[in-house]
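Values reported hereafter were calculated over all heavy atoms of this structure, with side chains retained and with hydrogens, waters and symmetry mates removed. Everything numeric here is computed off the predicted structure, so don't read it as measured data.
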Amino acid sequence: MKTFWRLLGFLRPYRGGVAVSFVLAAAAMGAGVLIPLLVGRTVDEIRQGGVDLWPLAIAVAAAGLLRLAFSVSRRLVAGKVSLGVEYDLRNRMYEHLHSLELGFFDSQQTGQLMSRATVDLQSVRFFLGYGLIFILQSAITIVIASGVMIWVDPLLAAVSLAPMPFVIWVAFRYGRRNRPASQEVQQRIAELTAEAEENIGGVRVVKAFAQEER
C-alpha cells in the first residue's frame, strides 16, 4: 500500500487533469447506463402498440454519441496525464542514476537498469493514466448498474449478479499468478539485453583490432 500511495503522489501536479478525466468517465458511464433504459422503454412502447418511436430512437443514438464523445475525451486527457507522469518519473530516475557511485553500475545488469527505465516506467504510466481511472469507472458502473437492475427487477438482478463473487475471485487468482510470470519475463528481457550488449561490445573490439592491424 505504501508503494500505491507513493505512486498516487506523482499525480499531484496533474490533479486538474485527473479530475477532468474522472468527470468525463462519470459522464460516459451515465450515458452508457442510459442506453439500456431507453432500449427497454422502446420495447415497452412496441408491446403497447406504439408507433411513434422516433423520439426514443433519436434518444438512444444521442446517448451512444455522447458516450463515445465522453470516452474519447477522457482517453485524450488521461493520455496527456500519463505522459506527464512518465516524463517526471524518467527525469527523477535519470537524476537518481547520476547521483550513484560508479561501483553501483558494476554490480548491476545493464539490462535490468534498461528494463526499469522502459518497461517498469511504462507500466506505471498506464496504471496511473488509464488503469486507475478504468478500475474506478468499472466499480462505479457495477454499483449503479446493480442499483438500476434491483430497482427494475430484484429477482432478475440477483440472478445476474450471482456470478460476480466468482469473477472477482478468478481475477484475484489471475493477478497473483501473473505477477511472478511478469517478473520472470522482465528478467529474461534484461538477460537478452545484457548478452546483446556484450556481443556488440565484442564486435566493436574486433573491428578496432582489425583497424589497428591495417
* Step through the shown structure and confirm whether more than 12 heavy atoms of other residues, nucleotides or ligands are within 6.0 Å of CZ on Arg92. => no

* Can you list the residues that meet the side chain to side chain contact (heavy atoms under 4.5 Å, CB included) rule with Leu34, with sequence neighbours excluded? -> Leu38, Ala63

* Does anything in residues 7-24 pair up under side chain to side chain donor-acceptor pair (under 3.5 Å), and if so which pairs, sequence neighbours excluded? -> Tyr14-Asp88

* Give the cluster check for Met29 versus Val77: same hydrophobic cluster or not, with ILVMFWY residues linked at side-chain heavy-atom distances below 4.5 Å. => no

What side-chain donor-acceptor pairs closer than 3.5 Å can you find for residues 97-105, not counting sequence neighbours?
| from | atom 1 | to | atom 2 | distance (Å) |
| --- | --- | --- | --- | --- |
| His98 | NE2 | Tyr94 | OH | 2.9 |
| Ser99 | OG | His96 | O | 2.6 |

* Scan residues 32-51 for pairs that pass side chain to side chain donor-acceptor pair (under 3.5 Å), counting only residues two or more places apart or in two chains. => none

Would you be so kind as to tabulate the donor-acceptor pairs closer than 3.5 Å made by side chains of residues 66-74, with sequence neighbours excluded?
| from | atom 1 | to | atom 2 | distance (Å) |
| --- | --- | --- | --- | --- |
| Ser71 | OG | Arg67 | O | 2.8 |
| Ser73 | OG | Ala69 | O | 2.8 |

* Where is the tightest heavy-atom contact between Gly32 and Pro36, given as atom of each residue plus distance? -> O-CD, 3.0 Å

* What distance separates Leu24 CG from Leu76 CG, expressed to the nearest 0.5 Å? -> 9.5 Å

* According to a 4.5 Å side-chain heavy-atom criterion applied to Ile, Leu, Val, Met, Phe, Trp and Tyr, with indirect links allowed, do Leu11 and Met93 form part of one hydrophobic cluster? -> yes

Which donor-acceptor pairs under 3.5 Å do side chains of residues 153-166 form with protein atoms, sequence neighbours excluded?
| from | atom 1 | to | atom 2 | distance (Å) |
| --- | --- | --- | --- | --- |
| Asp153 | OD1 | Leu155 | N | 3.3 |
| Asp153 | OD1 | Leu156 | N | 3.3 |
| Ser160 | OG | Leu156 | O | 2.9 |

